[in-house]
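Below: one structure, written as structure tokens.
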2 protein chains.
Amino acid sequence: MAETRRDSLIDAAAQLLDRGGPAAVTLREVGRAVGVSHNAPYKHFADKDDLLAAIASRELRRQAAPRPTTTGDDLSQPTARALMIGYVRWAMRHPERFKLTFGRWTRENAELAEAADSSRSRLVAAVMTAQAAGDLPAGDPERVTALLLALAHGAADLALSGHLAADGKGHVDPEDLVADLFGYLKTASR
Amino acid sequence: MAETRRDSLIDAAAQLLDRGGPAAVTLREVGRAVGVSHNAPYKHFADKDDLLAAIASRELRRQAAPRPTTTGDDLSQPTARALMIGYVRWAMRHPERFKLTFGRWTRENAELAEAADSSRSRLVAAVMTAQAAGDLPAGDPERVTALLLALAHGAADLALSGHLAADGKGHVDPEDLVADLFGYLKTASR
DNA sequence: ACCTGAACACCGTTCAAGT
DNA sequence: ACCTGAACACCGTTCAAGT
């Protein structure tokens with residue numbers, strides 16, 4: 001469990017990110033939290049953006065990692081629906097990490113791109129299982145996956161920026177929209 | 001058509017935003033483009049964030065404005081589907097304005113909140129029309145609207161950040177996802 | 001009412017220098 | 001291989017002063 005200096009820097013940066021967003025992640029503050037000078041990060045990351053990318057890829061890898069179940073070992077894979085609900089909950093719980101992770105790059109940073117692809121592959125597999133069970137409509141699994149991902153992502157993003165519901169009345173929860181979509185898709189797949 | 005100093009500042013800021021994002025919008029550069037000092041904007045906007053909010057609300061108002069039709073006067077209202085396609089196209093055409101407009105605030109800035117509400121009201125009305133025609137499933141119009149908005153928003157945002165499709169192969173277009181959703185919803189509404 | 005110039009605190013990045 | 005301190009260019013914001 002030895003934590004490297006690099007990991008400590010990412011930890012500190014993520015903490016600053018959570019409150020205050022990317023602007024609050026200053027190399028001086030990161031260095032101060034770890035106990036090094038504000039130039040030390042340059043020995044571990046190319047620049048500030050590279051440090052932010054490291055947070056994003058770590059977040060992506062954690063999300064892809066199997067969560068420990070409280071009811072002992074569970075060998076069954078999570079359903080597409082469970083994955084999407086998990087995605088939305090993670091976004092609402094860690095807004096800044098969510099925005100950062102899906103904010104830019106991915107195609108620029110190799111590590112980030114790989115993490116994103118592996119995360120999606122997992123979802124595609126779950127979609128195919130659901131299709132076979134008749135819970136999701138047939139058709140290109142990649143495209144159905146994109147549909148699910150787009151809805152969950154948009155619901156979370158709009159909810160975070162306050163654009164989802166109207167003036168207070170009729171508050172719409174992003175999880176409700178995920179449930180609605182799965183309901184419609186099940187009806188459409190018969 | 002007299003353009004006020006305030007409008008000129010918004011124009012210049014929007015142009016800087018389009019290339020380079022919010023970080024490229026510096027008060028010094030804005031002032032230079034208009035021909036004033038870098039402090040002049042403070043007489044028209046509280047701070048930089050207020051200037052960015054002005055760009056967002058102008059964009060929101062423009063999107064809500066009826067587009068001139070090339071085939072003369074058309075008194076019919078745009079369909080929900082047309083509105084969503086228009087939304088996605090606008091996002092793909094002006095990524096930075098899209099990200100800025102739906103990035104934060106809205107509930108903080110009164111002008112922005114009003115523009116957003118009026119924009120959504122228009123979409124809710126179109127949704128109700130489609131529901132009556134049997135093209136969209138029955139149920140709370142606000143909630144169905146949120147579903148459409150979430151998908152269009154998520155599809156555009158993921159496409160812009162490169163998270164929509166896998167490694168080049170099987171490129172998924174955000175407009176395709178909007179079309180897919182309307183297809184599924186029509187099937188589910190019968 | 002609107003604008004200017006100087007100044008302040010802060011930031012990312014570079015670089016010479018240390019171990 | 002990793003770190004430090006000084007320095008540079010740049011930025012948002014404030015303020016006294018002008019018209």
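Chain A is the first sequence line, chain B the second, and so forth, proteins listed ahead of strands; every chain is numbered from 1.
Using a 4.0 Å heavy-atom cutoff across all strands shown, A:Val34 reaches no nucleic acid atom at all. Residue A:Arg5 is in sugar-phosphate contact alone, with no base atom involved, counting any heavy-atom pair closer than 4.0 Å across all strands shown.
The neighbour count for B:Gln15 CD, taken as heavy atoms of other residues, nucleotides or ligands under 6.0 Å away, does not exceed 12. Around atom CD of B:Glu175, more than 12 heavy atoms belonging to other residues, nucleotides or ligands sit under 6.0 Å away.
With rounding to the nearest 0.5 angstrom, the OG1 atom of B:Thr187 is 12.0 Å from the CZ atom of A:Arg190. Atoms CG and CZ, on B:Asp180 and A:Arg143 in that order, are 4.0 Å from each other to the nearest 0.5 Å.
Of the two residues near DNA chain D, A:Pro41 and A:Arg28, the one whose nearest nucleotide lies more 5' is A:Pro41. Projected onto DNA chain C by closest heavy-atom contact, A:Asn39 and A:Glu29 fall at different nucleotides, the more 5' of which corresponds to A:Glu29.
Summarising the base pairing, D:dC10 is matched to no nucleotide, lacking a Watson-Crick or G-U wobble pair whose two defining distances lie under 3.5 Å. Both distances falling under 3.5 Å, in either a Watson-Crick or a G-U wobble arrangement, place D:dG5 opposite C:dC15.
In this entry the distance linking NZ of B:Lys48 with C1' of C:dC10 reads 14 Å, nearest Å. Summarising the geometry, the separation between CZ on A:Arg6 and P on D:dA1 is reported as 16 Å, rounded to the nearest angstrom. The CG atom of A:Leu27 sits 13 Å away from the P atom of D:dT4 (whole-angstrom rounding). In this structure, CZ of A:Arg32 is placed 11 Å from P of C:dG12, rounded to the nearest angstrom. Atom pair B:His44:NE2 and C:dT4:C1' shows a separation of 13 Å (rounding to whole Å applied). In this structure, A:Asp49 atom CG and C:dC11 atom P are separated by 17 Å, rounded to whole Å.
Using a 4.0 Å cut-off, no side-chain N or O of B:Tyr42 falls inside it from OP1 or OP2 of C:dC3. Contact check, A:Lys43 against D:dA1: no side-chain N or O comes under 4.0 Å of OP1 or OP2. Regarding contacts with the backbone of D:dG5, every side-chain N or O of A:His38 stays at 4.0 angstrom or more from both OP1 and OP2.
Summarising the geometry of A:Leu151 relative to A:Leu177, their closest heavy-atom pair is CD2-O, 3.5 Å, with the distance given to 0.1 Å.
Note on ring orientation: taking the six-membered ring where Trp is involved, the planes of A:His153 and A:Phe102 are perpendicular (angle over 60°, cut-offs 30° and 60°).
Contacts of residues 14-23 of chain B with DNA chain D (heavy atom under 4.0 Å): none.
Within the 4.5 Å cutoff, the side chain of B:Phe45 has heavy atoms near those of the B:Ile10 side chain.
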